[in-house]
Structures are given as structure tokens and as C-alpha cells.
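So the structure is just underneath, and the comments pick up after that.
These numbers come from the heavy atoms of this one structure, side chains and all, not from hydrogens, waters or symmetry mates. This is a predicted model, so every value here is computed, not measured.
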Amino acid sequence: MSRNKSPEHQPTDSGVEGQPQSGPSGGSPAAAGGRRLALDVHGRLRAMILSGELPPGSVLLQAEMARKLGVSRTPMREAFRLLQEEGLIDARPDQRARVRSVDPEDLDAVYGARIMLETLAVRMTAKSFSAEDIERMSDALKRMQGLAVDEQPDEWHTAHHEFHSIATQAAGPHLQRMLASLAEHSERYIRLAQLGAPASWSKAYAEHKALLEALRLSDPTAAAHLVARHLARTALSVLADIAPEYEPAATRTALGIARNGES
């Protein structure tokens with residue numbers, strides 16, 4: 001990785017709220033408005049799950065959540081369906097929906113993929129990093145340093161997302177979409193790491209600072225090694241807390257490849 005969801009992670013729609021427009025398949029304005037509302041409800045519920053406001057195991061009742069968010073049951077049903085597709089909730093017919101517990105296999109897979117793709121993107125970016133890019137990335141890092149992650153999580157995560165986006169900006173559109181999806185998926189795990197070891201964030205700051213320096217020096221190998229270690233540390237920290245017996249093969253293999261080209 002809401003109350004803290006950055007704009008590029010929000011569900012989007014081409015329409016503007018309150019203006020009559022056709023839906024994506026030429027449907028009625030009412031249908032388009034209903035879709036927008038369902039996406040908004042989905043985004044709000046998703047944010048509550050990722051932020052921990054709705055922790056793992058929480059029971060979700062459609063009627064209760066509809067009242068809480070001030071909407072009807074129809075957009076709530078669609079929002080539940082989308083959350084289930086994302087793997088954030090378990091919702092079976094005639095049973096209460098629940099926020100899914102953290103799956104160590106999922107965490108391992110997500111971070112293994114992030115390490116592989118983000119190191120590739122960072123290597124590409126390091127070859128064309130400009131003075132303006134350094135300034136933008138430095139500004140994001142200063143904002144992260146000046147924010148208390150436990151008191152201002154929204155602002156911190158926005159700055160953190162911006163920092164990593166600049167570090168991987170040279171990747172093409174298709175790779176950017178994959179990186180954004182993985183970063184969004186991993187947000188929940190970042191929050192768990194913050195809750196489990198808040199003191200470790202001074203180390204995280206040092207890692208971010210070292211990555212910025214490697215990009216400043218146009219050193220793709222050092223930048224790739226640093227981002228791989230940074231991502232792996234988050235994954236391994238959370239796994240050590242929630243599933244110490246689990247062997248994170250994907251994360252460790254990706255880290256080995258990033259370091260020396262071997263698994």
C-alpha cells in the first residue's frame with residue numbers, strides 16, 4: 001500500500017457526478033449514475049478495510065453498511081461483489097460477509113512480483129533521471145519524514161506513493177498499470193508492517209534516502225538492489241508477525257534475482 005487512498009488508486013468513471021451521461025455501454029443516465037455510486041461505495045469500503053478501520057474478521061452486513069454510508073442496498077450489493085472479486089472479503093449467499101484475514105501466500109506472491117517489476121522499472125528510470133526528478137522525489141521524501149505515519153496516515157501514504165511513482169516513472173504504460181495494481185494490493189500489508197514495528201520506519205526512511213541517492217548518481221544496479229531490499233523487508237516483517245512458520249519462497253527468490261541474477 002482508503003481514507004488514505006491516493007487519487008490514482010480511486011475507482012474512476014468518465015462521467016461527472018450529477019451530470020446526465022450515458023454509461024460505458026450506452027446505457028441510460030440513471031444506470032451510469034448507479035454505477036458511479038456503486039464505485040464510490042466500493043472505494044469507501046475498500047479504504048476502511050485497507051486502513052484497518054474494518055479489521056480482518058469483521059462482519060459486514062449490507063443493510064447496516066448501507067445505513068452507515070447513507071446509500072441504498074443496490075449499490076452496496078455491487079460494492080460487496082467488487083470487494084469479493086478483489087479478495088478483500090468473503091461473501092457467500094445467505095451468509096454474513098467478513099473481511100478476509102491476511103493470506104501469507106498472497107502477501108508473498110504480491111511482494112515477489114513487486115520486487116521483480118519494480119526493480120526493472122527502477123533500472124529503466126535510473127538511466128534518465130533528471131534534476132527536476134531529483135527535486136520532486138526529494139520533496140516527497142521530506143514530506144514523508146515530516147509526517148507522523150500513525151497520526152497522518154493519509155498524507156504519509158500519498159507522499160510514499162508519489163516517491164515510488166517517480167522512482168519507476170520510465171516504465172511504459174502497461175508496466176505502470178501492473179505496478180500501480182501491485183502497490184495498491186500491498187497497501188494493506190504496509191499498514192500491518194507499520195502497526196507491527198513502528199520504530200522500523202527510521203530504517204525505512206534511510207532506505208528511501210539511499211534509493212534517491214542511487215538515482216541521483218544514475219546507478220541502476222544500486223537502485224535495483226536498494227528497492228528490492230526495501231520491499232522484501234516489508235514483506236518479511238509482516239510475515240514474521242502473522243505467519244512465522246510460512247516460507248516466503250517468492251519474496252526470497254525475487255530478492256536473490258534482483259541482487260545477483262540468481263534464485
What I'd like to find out is whether the side chain of [X] reaches to under 4.5 Å of the side chain of [Y], using heavy atoms alone.
X	Y	value
Ile49	Ile89	yes
Thr221	Asp219	yes
Met137	Phe129	yes
Phe163	Leu211	yes
His208	Gln145	no
Pro248	Leu236	yes
Leu39	Arg36	no
Arg67	Arg73	no

How long is the span from the [atom1] atom in [X] to the [atom2] atom in [Y], to the nearest 0.5 Å?
X	Y	atom1	atom2	value
Glu135	Ile166	CD	CD1	10.5 Å
His160	Leu141	NE2	CG	10.0 Å
Met76	Leu83	CE	CG	9.5 Å
Leu212	Arg136	CG	CZ	12.0 Å
His42	Arg35	NE2	CZ	9.5 Å

For this session: Kindly work out whether a path of hydrophobic side-chain contacts (I/L/V/M/F/W/Y, heavy atoms less than 4.5 Å apart) joins Tyr205 to Trp156.
Result: yes

For this session: Report whether Met124 and Leu217 are members of the same hydrophobic cluster (ILVMFWY, side-chain heavy atoms less than 4.5 Å apart, transitive linking).
Result: no

Taking [X] for its side chain and [Y] for its backbone only, find out whether a donor-acceptor pair lies under 3.5 Å.
X	Y	answer
Asp108	Ala250	yes
Arg114	Leu182	no
Ser101	Pro56	no

Quick check: closest heavy atoms across [X] and [Y], and the distance to 0.1 Å?
X	Y	result
Tyr111	Leu231	CD2-O, 3.4 Å
Gly57	Arg98	O-NH1, 3.2 Å
Ala224	Thr119	O-CG2, 3.4 Å
Ser128	Asp133	O-OD2, 4.0 Å
Val99	Pro55	CB-O, 3.5 Å
Leu45	Phe80	CD1-CE1, 3.9 Å

For this session: Give a yes or no on whether the ring-centroid distance for His230 and His225 is below 6.0 angstrom.
Result: no

For this session: Applying side-chain contact (heavy atoms from CB on, under 4.5 Å), run through Arg44 and Met65 and close with a yes or a no.
Result: CA-CA 11 Å; Arg44 292 162 70 186; Met65 295 308 300; over 6 Å; no

Problem set entry | Verdict with supporting geometry, Glu162 and Met144, side-chain contact (heavy atoms from CB on, under 4.5 Å) | CA-CA 10 Å; Glu162 183 179 337; Met144 289 164 61; over 6 Å; no

Give every donor-acceptor pair under 3.5 Å between a side-chain atom in residues 170-178 and any protein atom, sequence neighbours left out.
{"unit_1": "Gln176", "atom_1": "NE2", "unit_2": "Thr168", "atom_2": "O", "d": "2.9"}
{"unit_1": "Gln176", "atom_1": "NE2", "unit_2": "Gln169", "atom_2": "O", "d": "3.4"}
{"unit_1": "Gln176", "atom_1": "NE2", "unit_2": "Ala171", "atom_2": "O", "d": "3.4"}

Exercise. Going by distance alone, is a donor N or O of one side chain under 3.5 Å from an acceptor N or O of the other, for Glu118 and His164?
Worked result: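 A pair is found: one side chain offers a donor N or O, the other an acceptor, under 3.5 Å apart.
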
Problem set entry | Test log, rule side-chain contact (heavy atoms from CB on, under 4.5 Å), inputs Glu78 and Val41 | CA-CA 9 Å; Glu78 175 66 7; Val41 172; over 6 Å; no

Exercise. What do you reckon, is CD of Glu105 surrounded by more than 12 foreign heavy atoms closer than 6.0 Å?
Worked result: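 No.
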
Problem set entry | Basic-acidic side-chain contact under 4.0 Å: Glu213, Arg216 | yes

For this session: Apply the test side-chain contact (heavy atoms from CB on, under 4.5 Å) to residues Arg96 and Leu60: give CA-CA distance (whole Å), side-chain angles for both, the deciding distance (0.1 Å), then the verdict.
Result: CA-CA 7 Å; Arg96 292 179 173 183; Leu60 301 181; over 6 Å; no

